[in-house]
Amino acid sequence: MLTGKQKRFLRSQAHHLSPIFQVGKGGVNEHMLKQIQEALEVRELIKISILQNCEDDKQEVAEQLANGTKAELVQLIGLTVVLYKASKNNKKIELPTRG
């Protein structure tokens with residue numbers, strides 16, 4: 001689990017990012033989760049936008065994305081989800097230490 005300090009840090013890192021995935025009418029699916037996992041391995045921190053035509057609740061979509069990719073839900077702001085997952089091979093983001 002991320003601390004409040006770590007989440008604030010990640011939010012500031014994510015601020016300038018553009019969403020690279022969109023969740024639309026079909027909601028979250030296996031294929032999308034696989035692609036998001038691959039993107040997280042490369043980037044560690046990504047934004048996903050939930051489109052207006054998505055029929056699922058945005059909180060549920062955010063949780064499905066986080067659980068399905070085993071990533072941390074950093075933020076859900078409006079219709080934008082920010083996910084973080086430490087990369088195994090491309091570690092770029094150095095989180096502030098706990099405490």
Side-chain angles (χ1 to χ4, degrees):
M1 290 296 292
L2 295 170
T3 64
K5 182 178 178 183
Q6 289 169 330
K7 283 190 177 181
R8 280 192 298 280
F9 171 77
L10 289 169
R11 282 198 295 265
S12 71
Q13 295 290 305
H15 183 73
H16 66 279
L17 296 177
S18 298
I20 57 171
F21 291 100
Q22 296 179 324
V23 179
K25 195 172 180 183
V28 179
N29 61 49
E30 284 300 314
H31 181 67
M32 179 189 296
L33 291 173
K34 186 170 174 8
Q35 287 186 308
I36 293 170
Q37 277 178 317
E38 288 166 7
L40 281 165
E41 175 57 33
V42 174
R43 301 172 186 228
E44 294 188 306
L45 188 65
I46 62 170
K47 273 187 183 173
I48 301 161
S49 61
I50 301 170
L51 301 178
Q52 292 289 336
N53 69 355
C54 182
E55 293 159 1
D56 301 331
D57 177 66
K58 65 182 185 176
Q59 188 65 47
E60 282 176 30
V61 170
E63 287 168 16
Q64 285 176 340
L65 290 168
N67 295 338
T69 58
K70 297 180 177 58
E72 291 281 350
L73 177 59
V74 176
Q75 186 177 36
L76 170 61
I77 185 162
L79 291 173
T80 304
V81 180
V82 179
L83 293 180
Y84 168 78
K85 186 176 183 185
S87 172
K88 292 181 179 71
N89 306 314
N90 304 298
K91 193 106 181 80
K92 294 185 187 79
I93 299 172
E94 209 45 62
L95 288 176
T97 53
R98 296 178 175 274

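Keep in mind that this is a model prediction, so the values were computed, not measured. In this chain, numbering begins with 1 at the start of the sequence shown.
For E41 (side chain) and K88 (main-chain N/O), a donor-acceptor pair under 3.5 Å exists by modelled atom type. Using modelled atom types, one side-chain atom of N53 and one backbone atom of K25 make a donor-acceptor pair closer than 3.5 Å. With K92 contributing its side chain and V42 its backbone, the two residues share a donor-acceptor pair below 3.5 Å. In this structure, K91 contributes its side chain and I93 its backbone to a donor-acceptor pair below 3.5 Å. Not a single donor-acceptor pair under 3.5 Å links the side chain of K5 to the backbone N or O of P96. Counting only distance, with no hydrogens or angles, the side chain of Q22 and the backbone of S49 share no donor-acceptor pair below 3.5 Å. When atom types are taken as modelled, the side chain of K7 and the backbone of L2 share no donor-acceptor pair closer than 3.5 angstrom.
Taking a cutoff of 4.0 Å between a charged side-chain nitrogen and a carboxylate oxygen, E38 and K34 qualify as a salt bridge.
Shown here is I77, whose CD1 atom has no more than 12 heavy atoms of other residues, nucleotides or ligands within 6.0 Å.
In this structure, the side chains of V74 and R11 come closer than 4.5 Å at one or more pairs of heavy atoms. Inter-residue side-chain proximity for V28 and D56 is flagged as unmet; no heavy-atom pair is nearer than 4.5 Å. Side chains of V81 and I50 form a contact here, defined as non-hydrogen atoms less than 4.5 Å apart. Here the side chains of L17 and R43 are not in contact, with every heavy-atom distance at 4.5 Å or above. Counting heavy atoms from C-beta outward, L79 and V23 have side chains that stay 4.5 Å or more apart. Under the 4.5 Å side-chain criterion, counting only non-hydrogen atoms from C-beta, N90 is not in contact with E44.
Taking CG from L83 and CG from L65, the interatomic distance works out to 6.0 Å, rounded to the nearest 0.5 Å. Interatomic distance, E55 CD to D57 CG, rounded to the nearest 0.5 Å: 13.0 Å. Rounded to the nearest 0.5 Å, atoms CD (Q64) and CG (L73) are 12.0 Å apart.
Y84 and F21 fall into different hydrophobic clusters, defined by Ile, Leu, Val, Met, Phe, Trp and Tyr side-chain heavy atoms under 4.5 Å apart, directly or through other members. One hydrophobic cluster, built from ILVMFWY side chains closer than 4.5 Å, cannot hold both L10 and I48; they sit in different ones. In this structure, L45 is not a member of the same hydrophobic cluster as I36, with clusters built from ILVMFWY side-chain heavy atoms closer than 4.5 Å.
Nearest heavy-atom pair, L40 versus A71, reported as atom, atom and distance to 0.1 Å: CD1-CB, 3.8 Å. Taking all atoms of both residues into account, the shortest heavy-atom contact from G68 to L33 is CA-CD1, 3.9 Å.
With no hydrogens or angles considered, a side-chain donor-acceptor pair links Q59 and E63 at under 3.5 Å.
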